[in-house]
Amino acid sequence: MVIVALGDSTTAGTPGFLSPIEAPPDGKGDVTSQYAYWLMQWHKDWKVLNRGVNGERSDQIAARFDRDVLAHKPDVVVIIAGVNDVYQGRPAEHVKTQLASMYTRARDAKIRVVAGTIIPYNTATPEQNAAMHEINVWIRIEAHRTEMGYVDTRAAVASSDDPDKLASTPDQLHPDARGYEAMARAIEKALRTLELRI
């Protein structure tokens, strides 16, 4: 199974790893600091292409959809985007529009989608957390409505004491390798559920 991991820093593996887009051809850094690594460790028959770029908004991710998703003709695309839009003060509706466009383009190309939620960062304001929650609720409803795969990646990496904070982080903004492994576990479950629905 070929899977494209599409997104921003939390797909790339920031801060521990630079994705193959950021550091061609194979990426650079601690390979365990990316969920793609863990999925391939557990499933030798899965090829997971890390197409994450640190700092990108949802519209920037959508702009490279042809190159980074459609060109590879994957079986599945995992899409996690929107945290940088929120960080930069863009409205939640902007993120929803961009995500909806990517979901539709994937389905039109007969590529199955796993929609992931925006994960927390420890310096978020109450307003930023409210925006992320609004988007994440929309993602869950949209996934159910259109029969996409769904994974609550936010819950997977959140602290048990505070769901708006990361359980483990080296920089207050991103998960550490243990957090990316936890993301991978949640995504693996969503991928398996998607396989059962084929």
Side-chain angles (χ1 to χ4, degrees), residues 3-17 32-39 41-43 46 48 50 52 54 57-58 61 76-87 92 95-96 98-100 102-103 112-197:
I3 302 159
V4 169
L6 183 69
D8 47 46
S9 57
T10 56
T11 295
T14 308
F17 189 74
T32 68
S33 185
Q34 50 170 334
Y35 77 74
Y37 165 84
W38 294 104
L39 292 175
Q41 282 295 108
W42 303 328
H43 300 275
W46 289 8
V48 186
N50 181 340
N54 181 38
R57 298 183 310 270
S58 59
I61 294 166
V76 185
V77 59
V78 179
I79 302 174
I80 303 172
V83 70
N84 291 305
D85 305 67
V86 171
Y87 188 80
V95 179
K96 296 175 194 177
Q98 298 300 322
L99 287 173
M102 288 187 276
Y103 298 159
R112 287 166 291 159
V113 178
V114 170
T117 55
I118 301 172
I119 74 169
Y121 57 96
N122 292 4
T123 60
T125 65
E127 293 76 20
Q128 288 169 329
N129 277 316
M132 286 188 277
H133 287 300
E134 177 185 339
I135 295 162
N136 285 345
V137 167
W138 177 86
I139 290 169
R140 177 174 52 80
I141 293 170
E142 189 69 6
H144 179 74
R145 184 184 72 81
T146 59
E147 299 185 333
M148 291 187 294
Y150 168 77
V151 56
D152 191 352
T153 33
R154 187 182 185 92
V157 301
S159 168
S160 58
D161 298 325
D162 184 346
D164 287 334
K165 294 280 176 33
L166 292 160
S168 51
T169 173
D171 62 1
Q172 305 305 308
L173 297 173
H174 305 94
D176 58 12
R178 185 172 55 177
Y180 285 117
E181 183 180 4
M183 276 182 73
R185 283 290 180 204
I187 291 166
E188 178 195 34
K189 185 176 179 181
L191 288 165
R192 285 190 171 282
T193 301
L194 206 59
E195 284 185 304
L196 293 173
R197 296 210 316 248

Q: Kindly write out the residues that satisfy salt bridge (charged side-chain N to carboxylate O under 4.0 Å, His left out) with E181, not counting sequence neighbours, or none if the list is empty.
A: none
Q: Taking only residues two or more places apart in sequence, or in another chain, which ones meet W46 in a ring pair (Phe, Tyr, Trp, His ring centres under 6.0 Å)?
A: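 For W46, the residues satisfying ring pair (Phe, Tyr, Trp, His ring centres under 6.0 Å) (neighbours in sequence not counted) are H43.
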Q: Among all residues two or more places apart in sequence or in another chain, which pass the salt bridge (charged side-chain N to carboxylate O under 4.0 Å, His left out) test with R185?
A: E188
Q: Residues two or more places apart in sequence or in another chain: which of them pass ring pair (Phe, Tyr, Trp, His ring centres under 6.0 Å) with Y37?
A: none
Q: Among residues at least two apart in sequence or on other chains, which ones pass side chain to side chain contact (heavy atoms under 4.5 Å, CB included) with P170?
A: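 Side chain to side chain contact (heavy atoms under 4.5 Å, CB included) list for P170, sorted by chain: P15, D176.
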Q: Of the options V78, I79, T146, which is the one that meets V113 in a side chain to side chain contact (heavy atoms under 4.5 Å, CB included)?
A: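 For V113, the side chain to side chain contact (heavy atoms under 4.5 Å, CB included) test succeeds with only one of V78, I79, T146, which is I79.
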Q: For K165, check side chain to side chain donor-acceptor pair (under 3.5 Å) against everything at least two apart and list the hits.
A: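 Partners of K165 under the side chain to side chain donor-acceptor pair (under 3.5 Å) test: none.
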Q: Can you sort out the partners of Y180 under ring pair (Phe, Tyr, Trp, His ring centres under 6.0 Å), two or more places apart, ordered by chain and number?
A: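 Ring pair (Phe, Tyr, Trp, His ring centres under 6.0 Å) list for Y180, sorted by chain: empty.
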Q: Consider side chain to side chain contact (heavy atoms under 4.5 Å, CB included). Of V77, N50, T11, which one does L6 pass it with?
A: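 Going through V77, N50, T11 one by one, the side chain to side chain contact (heavy atoms under 4.5 Å, CB included) with L6 is satisfied by V77 alone.
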Q: Side chain to side chain donor-acceptor pair (under 3.5 Å) with S33: which residues, sequence neighbours excluded?
A: none
Q: Just to verify, what does D152 make a salt bridge (charged side-chain N to carboxylate O under 4.0 Å, His left out) with, not counting sequence neighbours?
A: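 Per chain and number, D152 pairs via salt bridge (charged side-chain N to carboxylate O under 4.0 Å, His left out) with no residue.
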Q: Could you tell me the separation between the CG atom of L173 and the CG atom of L166, rounded to the nearest 0.5 Å?
A: 8.5 Å
Q: Return the set of residues passing side chain to side chain contact (heavy atoms under 4.5 Å, CB included) with A182 (not counting sequence neighbours), or none when no residue passes.
A: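 For A182, no residue satisfies side chain to side chain contact (heavy atoms under 4.5 Å, CB included) once neighbours in sequence are set aside.
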Q: Under the 3.5 angstrom rule, does the side chain of D85 hit a backbone N or O of S58 as a donor-acceptor pair?
A: yes
Q: Tell me, please, which residues at least two apart from H144 pass side chain to side chain donor-acceptor pair (under 3.5 Å).
A: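 With sequence neighbours excluded, H144 shows a side chain to side chain donor-acceptor pair (under 3.5 Å) to no residue whatsoever.
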Q: How close do L39 and L191 get, heavy atom to heavy atom, and via which atoms?
A: CD1-CD1, 4.2 Å
Q: Side chain of Q128, backbone of T125: donor and acceptor closer than 3.5 Å?
A: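 Here the side-chain-to-backbone pair exists.
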Q: Enumerate the residue pairs fulfilling ring-ring contact (aromatic ring centres under 6.0 Å, His included) with a member in residues 112-135, sequence neighbours excluded, ordered by first and then second residue.
A: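 Residue pairs with at least one partner in residues 112-135: Y87-Y121.
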Q: Could you verify whether a donor N or O on one side chain and an acceptor N or O on the other, from H174 and T14, lie under 3.5 Å apart?
A: no
Q: Measure the CD-CG distance between E142 and L99 for me, rounded to the nearest 0.5 Å.
A: 9.5 Å
